[in-house]
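For reference, the structure discussed in these notes is given below.
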Amino acid sequence: MKQATLTVRVARKRVEARDICSFELVPPDGGPLPPFSAGSHIDVHVPGAAVRQYSLCNDPSENHRYLIGVLKDQASRGGSLAMHERVAEGDRLEISTPRNHFALAHEARRSLLFAGGIGITPILCMTERLAAMGEDFELHYSARARDRAAFFDRILASAYSPRVQFHFDDGAPEQKLDLTALLGSPQSGTHVYVCGPQGFIDAALGFARGVGWPAAQLHYEFFGAAPTATDTDGSFEVQLASSGRVIAVHKDQTVVQALAAQGIEVMTSCEQGVCGTCLTRVLKGVPDHRDQYLTPEEQAANDQFTPCCSRAISTRLVLDL
Ligand code: FES
């Protein structure tokens with residue numbers, strides 16, 4: 001099954017910070033774009049690279065454009081470099097319609113938002129939505145340095161700027177992010193949102209879980225996540241429940257690749273364990289979860305996995321295919 005795509009035109013490409021560009025995407029012939037909610041992302045078919053997910057960081061009440069922010073990540077597999085180096089104003093891009101895996105919890109009485117680096121993109125949209133709704137919130141925006149903080153001026157110029165604290169790695173000790181002060185004890189009615197690189201999310205969520213924040217109050221989205229391939233990856237088998245057919249997955253192959261080699265196609269999008277498009281039910285066996293999409297509880301249930309990057313602990317997985 002092929003996912004529906006839209007064609008958009010790059011109306012504006014702007015440097016937002018060191019190594020970060022924003023791209024304003026508009027319908028080529030005018031007219032409205034499909035609506036989105038704060039925290040949504042789109043898939044972008046990056047020219048010459050794979051599909052990549054980027055969060056929308058403009059006001060969800062706008063229907064004439066989508067705004068995305070892209071970090072030029074030297075460690076990436078080429079998607080962000082291609083966006084920076086090959087995509088120019090006037091170019092056309094294929095994108096998906098917006099999807100939201102990182103929505104605001106409507107029952108929240110207060111929101112604590114944590115952005116690390118380029119993780120500001122969905123968090124900014126969520127912050128502005130909370131501000132527009134007159135909600136109680138605080139934004140903590142961490143970056144390596146001031147010149148790497150995208151949308152700094154937009155935030156400073158906003159009416160909600162008194163609710164924002166910046167934390168720069170190269171700044172004074174007293175401005176550093178203090179998780180103990182902010183998350184030291186779970187607060188009922190407060191929801192926590194975290195987006196950024198894996199280390200940033202692990203630190204914030206690990207701390208919050210460690211002091212007893214309920215999972216239902218913790219929301220997160222990874223950025224720039226890459227599946228962890230290791231030298232110790234071994235081969236294993238997958239069995240298709242429908243036909244009983246057994247397919248070997250070699251150590252240097254993903255399950256999706258092994259299935260494709262046998263003519264069995266699983267729909268994918270990010271191919272790095274963040275979007276959930278390839279999610280497949282596991283009927284028997286124990287997956288080795290490498291994704292950033294399932295919650296720890298969902299992973300522990302071992303009844304589904306992401307075959308684009310996850311592997312197996314058991315010698316065979318029986319899949320609902
Ligand atoms: Fe995105 Fe597998 S394709 S999680």
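As the structure lists them, so they are numbered: ligands from 1, and atoms in each ligand from 1.
Of the listed residues (Met126, His219, Glu135), just one forms a side chain to side chain contact (heavy atoms under 4.5 Å, CB included) with Leu104, and that residue is Met126.
Scored by the side chain to side chain donor-acceptor pair (under 3.5 Å) test, Gln239 finds Arg316 as partners (sequence neighbours excluded). Taking Ser161 as the reference, Ser158 meet the side-chain contact (heavy atoms from CB on, under 4.5 Å) condition, with sequence neighbours excluded.
Screening the protein for N, O or S atoms under 2.8 Å from atom 2 (Fe) of ligand 1 yields 2; no waters enter the count.
Seen from the ring of Phe137, Arg163 counts as a face-on cation partner, given the 6.0 Å and 45° thresholds.
Asn302 and His289 share a donor-acceptor pair across their side chains, judged by distance under 3.5 Å alone.
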Side-chain donor/acceptor pairs under 3.5 Å, residues 26-42, sequence neighbours excluded:
from	atom 1	to	atom 2	distance (Å)
Ser37	OG	Asn100	ND2	2.9
Ser40	OG	Ser37	N	3.3
Ser40	OG	Ser37	O	2.7
His41	ND1	Arg99	O	3.4

